[in-house]
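See structure below.
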Amino acid sequence: MRCVIARFPFDLTKGGVVGSMKGVTPEPATGEFVIIGRRHYPAKQVGQVITRQDRRDFSTGEVLRAMTRLGFTCRTRPTAASAPLAGPSSRLSQRSALPLSA
């Protein structure tokens with residue numbers, strides 16, 4: 001399938017991508033990632049391996065579009081959201097929610 005990444009056309013196949021990524025150790029995925037086999041590769045790492053270009057030359061979206069069109073599963077790694085701490089500002093907001101007595 002013809003895919004354009006960083007303004008360059010590439011003829012990619014699912015088998016070709018799997019073959020290119022074989023033996024490549026996945027880096028820790030912090031944002032968007034592509035599932036190839038049982039491994040989760042960061043989108044930028046996949047783009048660098050299959051295009052042999054610098055990661056700054058293409059966007060994550062370009063790689064994700066190409067990989068999705070080839071039939072790979074692409075996901076976003078959820079960020080660890082911390083619970084807000086009960087500080088003075090949260091106590092003030094709780095007080096303002098209480099009815100005022102006359």
Side-chain angles (χ1 to χ4, degrees):
M1 174 177 294
R2 194 163 201 66
C3 301
V4 177
I5 300 174
R7 298 182 316 265
F8 292 101
F10 293 94
D11 289 320
L12 301 174
T13 63
K14 189 169 185 171
V17 172
V18 170
S20 295
M21 297 306 293
K22 190 173 187 172
V24 176
T25 304
E27 297 170 358
T30 56
E32 290 86 2
F33 62 92
V34 181
I35 301 172
I36 300 175
R38 293 186 298 180
R39 295 183 172 198
H40 297 71
Y41 292 94
K44 286 280 196 169
Q45 182 182 13
V46 174
Q48 182 180 19
V49 171
I50 63 174
T51 65
R52 296 187 180 100
Q53 294 180 338
D54 190 272
R55 295 179 187 199
R56 295 172 289 182
D57 294 339
F58 54 86
S59 70
T60 301
E62 291 175 303
V63 176
L64 293 178
R65 276 191 297 278
M67 295 300 106
T68 301
R69 287 180 57 200
L70 288 173
F72 291 103
T73 302
C74 301
R75 298 272 162 82
T76 301
R77 174 97 39 216
T79 58
S82 61
L85 300 174
S89 62
S90 65
R91 285 188 214 124
L92 288 175
S93 65
Q94 288 175 354
R95 268 192 214 155
S96 63
L98 298 174
L100 299 173
S101 56

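Remember, it's a predicted structure, so these values are computed and weren't measured experimentally. Here, residue 1 is the first one in the sequence, and each next residue gets the next number.
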Under 3.5 Å donor-acceptor, [X] side chain and [Y] backbone:
X: Glu62; Y: Ala6; result: yes
X: Arg39; Y: Val24; result: yes
X: Lys44; Y: Phe58; result: yes

Quiz item: With the 4.5 Å side-chain cut-off for hydrophobic clustering, are Phe33 and Val17 part of the same group?
Solution: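 Hydrophobic grouping puts Phe33 apart from Val17.
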Quiz item: When hydrophobic residues are tied together by side-chain contacts of less than 4.5 Å, even through go-betweens, does Val46 share a cluster with Val18?
Solution: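 Hydrophobic grouping puts Val46 with Val18.
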Which atom pair, heavy atoms only, marks the closest approach of [X] to [Y]?
X: Ser20; Y: Val49; result: O-CG1, 3.7 Å
X: Thr25; Y: Tyr41; result: C-CE2, 4.3 Å
X: Leu12; Y: Ile5; result: CD1-CD1, 4.5 Å
X: Lys14; Y: Leu70; result: CD-O, 3.5 Å

Working to the nearest 0.5 angstrom, can you tell me the gap between [X] [atom1] and [Y] [atom2]?
X: Arg52; Y: Asp57; atom1: CZ; atom2: CG; answer: 15.0 Å
X: Ile36; Y: Met67; atom1: CD1; atom2: CE; answer: 7.0 Å
X: Gln48; Y: Gln53; atom1: CD; atom2: CD; answer: 10.0 Å
X: Leu64; Y: Arg69; atom1: CG; atom2: CZ; answer: 13.5 Å
X: Thr13; Y: Met1; atom1: OG1; atom2: CE; answer: 10.0 Å

Practice problem: Applying side chain to side chain contact (heavy atoms under 4.5 Å, CB included) between Phe10 and each of Val4, Thr51, Ile50, report the one that passes. | Solution: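 Going through the options one by one, the only one that passes is Thr51.
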